[in-house]
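First the structure, in the form of structure tokens, and then the observations on it.
Convention: sequence-line order gives letters A, B, ...; per-chain numbering from 1.
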Amino acid sequence: MNNLSPEMDVLWERIRHDDAGAVVILYEKHYTDLLTYGIQLSKDLDYSKDLINDIFLHLWEKRRQLKPVANTRAYLFACLRRKFYQQTGNKTQVQYLEDELLQSISAQSIPSQEEMLIAIQHTTEIRQRVQQALSKLTGRQQQLIRMRYYDQLNYEQMEAATGIAVKTIYNTIYNAMKVLSAELKGVPVITLLLFYFEKR
Amino acid sequence: MEYQDPEDFIRDDSFLLYCSGKAPEATARWEQWLADNPGRRQDVMQARELVLYIQAELTDVAAASATFRQRLSPVSDLPAPVFPLWKKMLGVAAGLLLLAGSFGIWRYISTPDWLEVSTPLGAVKKVALPDGTQMWLNGGTTVKYIRKFRQSRQVVLEEGEVFFNVVHRADVPFEVRLPGGLQVQDIGTAFSVKSRQQISDELLLVQEGKVLLKKNEQHIQTLEKNEGISIEKGTMKTTAVKASPVSTSGWLTGTVALDNRSFSELGIALENTFQKRVIINGEQLKNRSITITFSRQDNLQQLLETLKLVYQITYEISGEQVIIK
């Protein structure tokens with residue numbers, strides 16, 4: 001986890017030397033990890049996406065001032081965390097956070113390397129569980145879930161797009177979510193996060 | 001349905017929609033449920049978080065990256081960001097780039113107060129507004145929206161066709177202005193608006209919830225689910241029309257349903273769907289009305305053959321161009 005990845009360091013150096021392609025590769029490489037971490041912090045998917053875009057744009061703007069880093073992933077996690085805490089003053093941005101959780105956030109605290117490594121580990125565990133659960137679904141099931149809850153299509157639109165009857169779509173999604181809910185039973189979510197906050 | 005464990009929630013269609021944060025009715029329903037079951041808040045939040053992790057895993061990284069690259073490009077074309085002047089230059093650089101026409105599938109133009117998004121013909125683009133409202137731009141569309149989206153939520157349709165799935169907020173109304181001067185105000189809803197230079201009317205179709213139609217801040221009419229209205233440009237004469245999910249938002253997934261619309265509009269819809277230049281010859285034909293449903297999967301030539309039989313038109317396909325007479 002905390003070992004240096006040579007490839008990553010090359011990317012970092014390329015960014016420092018004005019290579020815009022490198023920042024895009026870095027973005028793609030860490031996107032889903034950061035998104036998963038962003039959800040842990042904000043409980044909001046779209047907001048997390050905005051935060052990620054912001055930190056990478058900022059990174060690019062400040063590329064000339066960047067210092068070499070030992071662990072790029074930990075650095076990016078720390079950026080996301082800092083950005084999130086900077087913005088939590090604006091409560092409308094984080095409408096899904098509970099008050100007590102908000103109050104436990106202290107904008108001043110600077111995360112230690114160790115804390116970031118714990119966050120990375122937790123994120124990796126969550127992703128592994130979710131990937132494992134999703135691997136139990138067929139490609140068709142995944143596609144329909146995406147259309148329904150991601151692209152926000154209604155059943156008629158999905159029927160028009162896929163040629164599958166509404167009733168079949170409904171049953172396919174229902175069965176898929178049944179599989180997922182069984183597979184994901186007991187994935188630690190908020191409890192672990194609370195522990196994480198208390199620790200600080 | 002009984003909700004025992006957090007996992008039970010994620011089998012519920014409306015709960016999953018609620019987690020997306022963009023389905024007003026589901027959000028209202030679950031907020032009410034939470035108010036009625038305060039002890040279950042933690043379970044709901046846990047289930048919500050699980051759903052978001054699934055969505056994160058299903059997120060299309062390539063698409064996110066494409067959007068990111070768009071935002072990166074005006075920045076990367078600047079000299080080293082040293083001067084405070086930089087922010088002003090960003091706008092200028094974006095403008096110059098735009099003139100050069102070197103943007104990809106869609107683009108942003110930044111002014112101090114408004115952001116502009118547009119699509120070329122043949123592209124459908126989904127844009128998330130700062131409040132979580134989603135808007136889909138059909139091909140050949142330009143819209144502007146106010147940068148400070150929190151105090152007021154205003155969108156201006158300049159040209160084209162847009163479908164909105166609005167996140168309802170009672171304190172900040174969501175409003176879309178049409179080129180003809182009408183204002184469409186949402187009350188928690190999904191709807192589409194259309195206004196094109198080649199078409200003689202503006203069209204509003206409602207798929208979910210309710211919208212208010214206003215002119216000069218005066219309320220004219222309320223429209224509900226599956227209702228629509230056509231507004232003649234110039235005279236502002238209104239005609240009630242039927243709306244269906246397919247006619248309102250079928251084009252998001254490549255299906256077009258025109259109900260008693262003009263051949264001019266058919267031409268634009270064909271251009272958008274089949275990515276060919278379509279010319280309708282003759283004023284009379286342009287204004288002739290047509291009712292038709294077709295989709296991206298259809299064969300263009302077979303479709304035109306059907307039109308030939310039903311509407312007695314003739315057509316020519318030459319390379320990237322289609323002429324209908």
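Atom CD1 of I126(A) and atom CG of L52(B) lie 11.0 Å apart (nearest 0.5 Å). Note that the CG atom of L184(A) and the CG atom of L50(B) stand 5.5 Å from one another [nearest 0.5 Å]. Distance CG/L252(B) to CD/Q157(A): 5.5 Å, rounded to 0.5 Å. Between the OG atom of S181(A) and the CD1 atom of I54(B) there is a distance of 8.5 Å, given to the nearest 0.5 Å.
Residues E156(A) and Q207(B) fail the side-chain proximity criterion, which asks for heavy atoms closer than 4.5 Å. Using a 4.5 Å cut-off on side-chain heavy atoms (C-beta onward), L35(A) and Q55(B) make no contact.
Of residues 133-145 of chain A, those residues with a non-hydrogen atom less than 4.5 Å from any non-hydrogen atom of chain B are, in numerical order, L134(A), Q142(A), I145(A).
Chosen from M158(A), M147(A), R148(A), the residue pairing most often with chain B at heavy-atom distances under 4.5 Å is R148(A). For chain A, the option among T59(B), T255(B), T253(B), V51(B) with the highest count of heavy-atom pairs below 4.5 Å is T59(B). Interface check for chain B: of the options V23(A), L45(A), D18(A), the most heavy-atom pairs under 4.5 Å are formed by L45(A).
Applying the ring-ring contact (aromatic ring centres under 6.0 Å, His included) rule to Y149(A) yields no partners; only residues at least two apart in sequence or on another chain are considered.
Heavy-atom distances place the side chain of L153(A), and not its backbone, under 4.5 Å from chain B. The contact between N53(A) and chain B is made by backbone and side chain atoms together, counting heavy-atom distances below 4.5 Å.
A donor-acceptor contact shorter than 3.5 Å is absent between the side chain of R127(A) and the backbone of E57(B). Between the side chain of R69(B) and the backbone N or O of V24(A), no donor-acceptor pair lies under 3.5 Å.
The number of heavy-atom neighbours closer than 6.0 Å to CZ of F274(B), taken from other residues, nucleotides and ligands shown, is above 12.
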Exercise. Which is it for M177(A) and D13(B) under the side chain to side chain contact (heavy atoms under 4.5 Å, CB included) test, yes or no, and what are the steps along the way?
Worked result: CA-CA 9 Å; M177(A) 294 318 291; D13(B) 187 55; over 6 Å; no

For this session: Kindly indicate, with the supporting measurements, whether the criterion side chain to side chain donor-acceptor pair (under 3.5 Å) is fulfilled by E28(A) and S65(B).
Result: CA-CA 6 Å; E28(A) 291 179 355; S65(B) 165; 2.5 Å; yes

Problem set entry | side chain to side chain contact (heavy atoms under 4.5 Å, CB included) evaluation trace for K43(A) with E49(B) | CA-CA 6 Å; K43(A) 319 292 174 214; E49(B) 200 170 333; 3.1 Å; yes

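Using cut-offs of 30° and 60° on the angle between ring planes, the pair Y27(A) and F68(B) is parallel.
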